[in-house]
Amino acid sequence: RFSYTALIKVVARSRRSGIIEAILEEMKGAKCHMDSVTFTVAMRAFAEAGEIKKAMKMLGEMKEQGCKPDQVTYTVLIKMFANAKLSKEVLELYEEMLQNQNPPDTMTYNTLIHAFTKLGQHDVALRFSKKMRESGRYPNAYTYGILILLHANMHRLDLCLHTYKEMKKSGFKASEVIITTLIRAIKEAGDLEAAHKLFNDIQQAGLGRNEFVYSILIEMWAKSGDAISAKNCFDQMVEKGIKA
RNA sequence: ACUUCCGGGCGAC
């Protein structure tokens, strides 16, 4: 069963749901018991192939066999509907989780917040963020990245920076993802002070494998007429071995 | 909840 599950996951990369179905048939033939992990991997495979119907059919089969979907299962399906921009069914799955005594965990909340961020339904995203806090789920590094993205999309650099501060206070280090998310908001707001702080953080954290971030910083300083900072940043970039 | 690991889920560009 473990090998079948692993196999499905590998095959899932090929986006050929026909193969997945064949494997599932074979498992059935071999009287191999399918557990929630097997079902979930299969659903994810269908989800990635854009086969929403098939994924939902699997959910049905799963329940029929008395196998209970768990948080991972729901998270996979929520992401699938979110990618298809089907916010109504996202919310339905969320409700179902609550009904089933399957309270969303950190990753489920991350997926929900991200889903509505991408859909441009910022108010809903914020509501889930609040619910997450209220439910006592701890944010992880992804959560902070998603929240910063949400605030950036809301054109609220102040909230981005606030979340960033909170993240560091909670013991998370700045990452490449966080930096590239933040830099967009900083650029948009033209906040030179924030740019300087971020540049410091990049150096302190030993980050900066990303030419995109440098180009924005240099451009900001160049535009503001701060040739010294622009040059300094450029030199740092070259020192890191990044091509100009 | 036999929550160490051994098969599954989340973020920017």
Side-chain angles (χ1 to χ4, degrees), chain A residues 1-13 20 23-24 27 32-48 55 58-59 62 67-83 90 93-94 97 101-119 125 128-129 131-132 137-154 157 160 163-164 167 172-188 198 201-202 205 207-217 219 242:
Chain A
R1 166 164 108 232
F2 288 175
S3 1
Y4 272 119
T5 305
L7 177 64
I8 295 174
K9 195 190 174 187
V10 171
V11 171
R13 284 184 34 122
I20 307 291
I23 297 173
L24 292 173
M27 280 186 83
C32 196
H33 177 75
M34 295 183 51
D35 63 8
S36 59
V37 177
T38 316
F39 279 112
T40 302
V41 177
M43 281 184 234
R44 180 165 196 245
F46 288 132
E48 277 176 7
M58 288 297 302
L59 179 65
M62 182 179 185
C67 183
K68 292 243 178 295
D70 61 14
Q71 280 100 335
V72 181
T73 315
Y74 281 109
T75 303
V76 166
L77 294 174
I78 286 173
K79 192 186 173 197
M80 171 181 79
F81 281 127
N83 287 340
V90 168
L93 286 174
Y94 167 72
M97 288 183 87
Q101 255 85 339
N102 252 322
D105 62 11
T106 296
M107 291 197 245
T108 314
Y109 276 116
N110 286 348
T111 307
L112 284 164
I113 299 167
H114 182 248
F116 288 101
T117 297
K118 284 304 205 184
L119 287 166
F128 277 115
S129 165
K131 275 193 186 123
M132 180 178 183
R137 294 294 182 186
Y138 285 106
N140 63 17
Y142 281 67
T143 316
Y144 287 109
I146 294 166
L147 287 177
I148 292 173
L149 177 69
L150 167 61
H151 295 141
N153 288 354
M154 292 167 68
L157 178 62
C160 288
T163 305
Y164 180 52
M167 179 192 93
F172 292 94
K173 289 192 307 183
S175 70
E176 207 69 58
V177 172
I178 297 291
I179 300 289
T180 48
T181 310
L182 259 179
I183 193 70
R184 261 184 34 218
I186 291 176
K187 179 192 177 185
E188 185 191 72
L198 191 71
D201 287 356
I202 290 174
L207 295 168
R209 281 283 355 140
N210 192 335
E211 60 180 284
F212 169 75
V213 172
Y214 285 105
S215 65
I216 289 182
L217 287 172
E219 189 190 320
I242 295 171

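Below, chains carry the letters A, B, ... as their sequence lines are ordered, and counting in each starts from 1.
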Q. Atom CE of A:Met167 to atom C1' of B:rG11: distance rounded to whole Å?
A. 12 Å

Q | A:His114 side chain near A:Leu149 side chain, heavy-atom distance below 4.5 Å | A | yes

(Q) Regarding B:rA12, can its base be found pairing with the side chain of A:Thr180 as donor and acceptor, where the two atoms are less than 3.5 Å apart? (A) yes

Q.
Mind checking if A:Ala141 touches a base, just sugar-phosphate, or nothing, with heavy atoms under 4.0 Å?
A. base

Q: Could you work out the separation of B:rC6 and B:rC10 based on their P atoms and round it to a whole Å?
A: 16 Å

Q) What integer distance in Å separates A:Leu7:CG from B:rG7:C1'? A) 11 Å

**Q.** Residues forming a salt bridge (Lys or Arg N to Asp or Glu O under 4.0 Å) with A:Glu219, sequence neighbours excluded
**A.** A:Lys223

Q: Ignoring backbone atoms, test whether A:Arg184 places a side-chain nitrogen or oxygen under 4.0 Å from the OP1 or OP2 oxygen of B:rC13.
A: yes

Q) What do you reckon, is NZ of A:Lys131 surrounded by more than 12 foreign heavy atoms closer than 6.0 Å? A) yes

Q: For B:rG9 versus B:rC13, give the span between their C1' atoms, rounded off to a whole number of Å.
A: 22 Å

Q. Starting at NE2 of A:His151 and ending at P of B:rA12, how long is that distance when rounded to a whole Å?
A. 16 Å

Q. With sequence neighbours left out, what residues match A:Tyr144 under ring-ring contact (aromatic ring centres under 6.0 Å, His included)?
A. A:Phe172

For nucleotides 1-5 of chain B, tabulate all protein N/O to nucleotide N/O atom pairs closer than 3.5 Å, reporting atom names and distance.
none

Q: Check the distance between B:rG11's P and A:Ile78's CD1 and give it to me in whole angstrom.
A: 13 Å

Q) Touch check for A:Ile178, heavy atoms < 4.0 angstrom, all strands: base, sugar-phosphate only, or nothing? A) base

**Q.** Rounded distance (Å) that lies between atom P of B:rA12 and atom CD1 of A:Ile148
**A.** 13 Å

Q.
Main chain of A:Lys68, side chain of A:Ser36: is a donor-acceptor contact present, judged purely on distance under 3.5 Å?
A. no

Q) Do A:Thr181 side-chain and B:rG11 base share a donor-acceptor contact under 3.5 Å? A) no

Q: Measure the CD1-CD1 distance between A:Ile179 and A:Ile148 for me, rounded to the nearest 0.5 Å.
A: 9.0 Å

Q.
Under the rule for side-chain hydrogen bond (donor to acceptor under 3.5 Å, both in side chains), what residues qualify as partners of A:Asn102, not counting sequence neighbours?
A. none

What nitrogen or oxygen pairs link the protein and nucleotides 8-10 of chain B at under 3.5 Å?
from	atom 1	to	atom 2	distance (Å)
B:rG8	N1	A:Asp70	OD2	2.9
B:rG8	N2	A:Thr40	OG1	2.8
B:rG8	N2	A:Asp70	OD1	2.7
B:rG8	N2	A:Asp70	OD2	3.2
B:rG8	N2	A:Thr73	OG1	3.3
B:rG9	N1	A:Asp105	OD2	2.9
B:rG9	N2	A:Gln71	O	3.4
B:rG9	N2	A:Thr75	OG1	2.7
B:rG9	N2	A:Asp105	OD1	2.9
B:rG9	N2	A:Asp105	OD2	3.2
B:rG9	N2	A:Thr108	OG1	3.0
B:rG9	N3	A:Thr75	OG1	3.4
B:rC10	OP1	A:Arg44	NH2	3.3
B:rC10	OP1	A:Lys79	NZ	3.3
B:rC10	O4'	A:Thr111	OG1	3.4
B:rC10	O2	A:Asn110	ND2	2.3

(Q) Rounding to an integer number of angstrom, what distance separates B:rA12 and B:rG7 when you compare their C1' atoms? (A) 29 Å

Q) Is any side-chain N of the basic residue among A:Glu188 and A:Arg184 closer than 4.0 Å to the acidic one's carboxylate O? A) no

Q.
A:Tyr214: which residues meet the side-chain hydrogen bond (donor to acceptor under 3.5 Å, both in side chains) condition with it, sequence neighbours left out?
A. none

